[in-house]
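In what follows, a structure is listed as structure tokens, so that the remarks can point back to it.
In what follows, chains are A, B, ... by sequence order, proteins preceding strands, each numbered from 1.
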Amino acid sequence: MSVLPFVVAAWLFVVGVYGVVTSRHLVQLVVCLTVAQASTYLLLLGIGYRHGATAPIFKDVPASTPVVDPVVQALTLTDVVVETTVAALLLALTLQVKRRFGTVDPDELTAMRD
Amino acid sequence: MSRRLRGLLFLPLGAAVFAGLVAATAGLPDFGHGTSEYGEWVADNMVGARGTTNVVAPVVFDLRAFDTVGEELILFAAAAACALLLRTLVSEEGERRLRELPAVDVPPVRALARLLVAPVVVLGAYVVAHGAITPGGGFQGGVILSSLALVLVGAGRAALARREGTTTGVELAEAVGAGAFVLLGIGGLVFATAAFENFLGPGTPGDLVSGGIIPLANVAVGIEVAAAFALIFVELIQSGAEGGDG
């Protein structure tokens with residue numbers, strides 16, 4: 001099935017967001033967000049993939065070898081870095097929330113509704 | 001709104017988003033036949049024009065270097081924000097407890113961590129240095145190097161992180177790495193015609209020193225990433241240790 005990777009990417013995104021919506025723990029919420037973000041890697045790499053092509057490294061292969069799209073790989077690198085920084089920042093905020101409110105259950109953070 | 005209700009409400013919305021995303025990907029080239037003119041051009045020309053055998057590297061550090069500055073500064077800002085958020089948490093009481101906290105001291109873990117120090121440094125430096133030739137580069141190697149912070153904590157050197165000078169040194173390294181990359185960009189303005197123009201010769205593809213400014217950019221980014229992640233790790237560990245019972 002030639003569209004399967006794209007369907008899986010869409011499914012990962014929706015499942016990740018479902019996890020965020022129904023989360024009962026802020027750390028779990030952050031992990032669910034990273035699942036949703038992982039869909040973008042799959043989509044990007046899926047777009048650039050070519051059957052029978054090798055990695056875009058010409059160290060030991062002749063210059064005429066077919067390679068997968070290097071541009072989406074560079075974009076994925078950017079994506080990974082941004083995801084990890086977002087996760088780190090959210091985990092730091094989670095620690096702050098725990099200290100301030102004594103809970104990490106999003107439903108119990110009623111003070112934020114006021 | 002209860003969690004259950006939220007989940008139920010999400011189901012039709014999630015299904016709609018899923019259907020929309022799948023419909024949107026229908027217009028993409030079939031999986032396994034993906035190719036773009038930009039990608040083809042990069043794969044065909046960069047080995048000769050930039051002297052890099054890894055053609056992802058010239059996209060990240062040359063053609064799209066301006067994007068990479070933004071990415072690097074995001075990392076810089078996030079590390080600074082983590083430090084800012086977590087340090088305000090450390091009360092005087094917490095500081096005292098932190099100082100009295102026994103260091104991690106499990107003999108097998110300690111022995112293993114000590115054995116790992118040198119290989120981690122060598123592997124990280126290797127991956128950073130060969131970024132223009134083989135898979136790897138500043139980001140990947142920097143993350144490997146930053147794991148040194150975790151290895152050192154495992155080796156019972158947690159006290160090292162608490163010493164005054166250590167975090168200052170790490171912060172300084174982070175600033176130097178970020179600044180060096182920006183300077184490379186300005187170098188393009190000074191020695192060539194545009195920011196981030198590759199103002200050094202391409203060299204021989206496959207040589208350690210090839211690719212013009214790309215290896216230099218890899219080193220700058222490697223230092224920045226290693227320091228930023230080490231800082232994030234240390235701040236998170238310290239904060240966790242400090243609030244041990246909370």
Legend entry - Most contacts with chain B, counted as non-hydrogen pairs under 4.5 angstrom, among A:Leu75, A:Val17, A:Val67, A:Leu77: A:Leu77
Inset, instruction - Measure distances from B:Pro29 to the heavy atoms of chain A and classify the residue's part below 4.5 Å as side chain, backbone, both or neither. - result: backbone
Inset, instruction - Determine, stepwise, if the pair A:Val82 / B:Ile74 fulfils side-chain contact (heavy atoms from CB on, under 4.5 Å). - result: CA-CA 7 Å; A:Val82 172; B:Ile74 287 174; 4.1 Å; yes
Inset, instruction - Spell out the residues in residues 24-34 of chain A that have some non-hydrogen atom less than 4.5 Å away from a non-hydrogen atom of chain B, in order of number; otherwise answer 'none'. - result: A:Arg24
Legend entry - Pairwise distance CG(B:Leu86) to CG(A:Leu91) - rounded to 0.5 angstrom: 9.5 Å
Legend entry - For chain A, the option from B:Asp30, B:Leu11, B:Val59 that forms the most heavy-atom pairs under 4.5 Å: B:Asp30
Legend entry - Geometric class of the A:Tyr49/B:Phe31 ring pair [parallel <30°, tilted 30-60°, perpendicular >60°]: parallel
Legend entry - Region of B:Arg4 in contact with chain A, defined by heavy-atom distances below 4.5 Å: neither
Inset, instruction - Can you measure from CD (A:Gln96) to CG (B:Leu84) and round to the nearest 0.5 angstrom? - result: 9.5 Å
Legend entry - A:Leu43 and B:Thr25, any side-chain heavy atoms less than 4.5 Å apart: yes
Legend entry - Nearest non-hydrogen partners of B:Val42 and A:Pro70, listed with the distance: CG1-CG, 3.7 Å
Inset, instruction - Below 4.5 Å from any heavy atom of chain B, which atoms of A:Ser23 appear? Answer side chain, backbone, both or neither. - result: backbone
Inset, instruction - Mind ranking B:Leu28, B:Val22, B:Val17 by heavy-atom pairs under 4.5 Å with chain A and telling me who comes out on top? - result: B:Leu28
Legend entry - B:Asn54/A:Lys59 under side-chain contact (heavy atoms from CB on, under 4.5 Å): CA gap, chis, key distance, verdict: CA-CA 7 Å; B:Asn54 171 2; A:Lys59 177 69 181 138; over 6 Å; no
Inset, instruction - Sort and list the pairs that fulfil side-chain hydrogen bond (donor to acceptor under 3.5 Å, both in side chains) and have at least one residue in residues 131-147 of chain B, not counting sequence neighbours. - result: none
Inset, instruction - Please examine the side chains of A:Asp107 and B:Arg6, heavy atoms only from C-beta on, and report whether any two atoms are closer than 4.5 Å. - result: yes
Inset, instruction - Apply the test side-chain contact (heavy atoms from CB on, under 4.5 Å) to residues B:Phe229 and A:Thr84: give CA-CA distance (whole Å), side-chain angles for both, the deciding distance (0.1 Å), then the verdict. - result: CA-CA 10 Å; B:Phe229 277 104; A:Thr84 39; 3.6 Å; yes
Legend entry - With A:Gln73 via side chain to side chain donor-acceptor pair (under 3.5 Å) - residues at least two apart: none
Inset, instruction - With rounding to the nearest 0.5 Å, note down the distance linking CG in A:Leu90 to SG in B:Cys82. - result: 9.0 Å
Legend entry - Under 4.5 Å from any heavy atom of chain A - which part of B:Leu75: both
Inset, instruction - Answer with side chain, backbone, both or neither: which region of B:Ile133 has an atom nearer than 4.5 Å to a non-hydrogen atom of chain A? - result: both
Legend entry - Taking every non-hydrogen atom, the tightest pair across A:Asp69 and B:Gly39: OD1-CA, 3.2 Å
Legend entry - Part of A:Ala88 lying under 4.5 Å from any heavy atom of chain B: both
Legend entry - Per-residue contact mode, B:Glu40 against chain A (heavy atom under 4.5 angstrom): side chain
Inset, instruction - Return yes when atom OH of B:Tyr38 has more than 12 non-hydrogen atoms of other residues, nucleotides or ligands closer than 6.0 Å, and no otherwise. - result: yes
Legend entry - Closest approach of A:Ala74 to B:Val60 (non-hydrogen atoms, all atoms of both residues): CB-CG2, 3.5 Å
Inset, instruction - Mind running side-chain contact (heavy atoms from CB on, under 4.5 Å) on B:Val55 and A:Phe58 for me, showing each step along the way? - result: CA-CA 8 Å; B:Val55 293; A:Phe58 292 100; 3.8 Å; yes
Legend entry - Contacting moiety of B:Phe18, where chain A heavy atoms sit under 4.5 Å: both
Inset, instruction - Please state whether the side chain, the backbone, both or neither of A:Asp79 comes within less than 4.5 Å of a heavy atom of chain B. - result: neither
Inset, instruction - Determine the minimum heavy-atom distance between A:His51 and B:His33, stating which atoms define it. - result: CD2-NE2, 4.2 Å
Legend entry - Those residues of residues 201-219 of chain B, ordered by number, that approach chain A below 4.5 Å (heavy atom to heavy atom): B:Gly206
Legend entry - For chain A, the option from B:Ile232, B:Leu13, B:Val56 that forms the most heavy-atom pairs under 4.5 Å: B:Val56
Inset, instruction - Considering only heavy atoms and a distance below 4.5 Å, find which of A:Leu89, A:Thr85, A:Thr78 pairs most often with chain B. - result: A:Thr78
Legend entry - Close side-chain approach of A:Val80 to B:Phe139, heavy-atom, < 4.5 Å: no
Inset, instruction - Count the heavy atoms belonging to other residues, nucleotides or ligands that lie under 6.0 Å from CZ of B:Phe76, then report whether that count exceeds 12. - result: yes
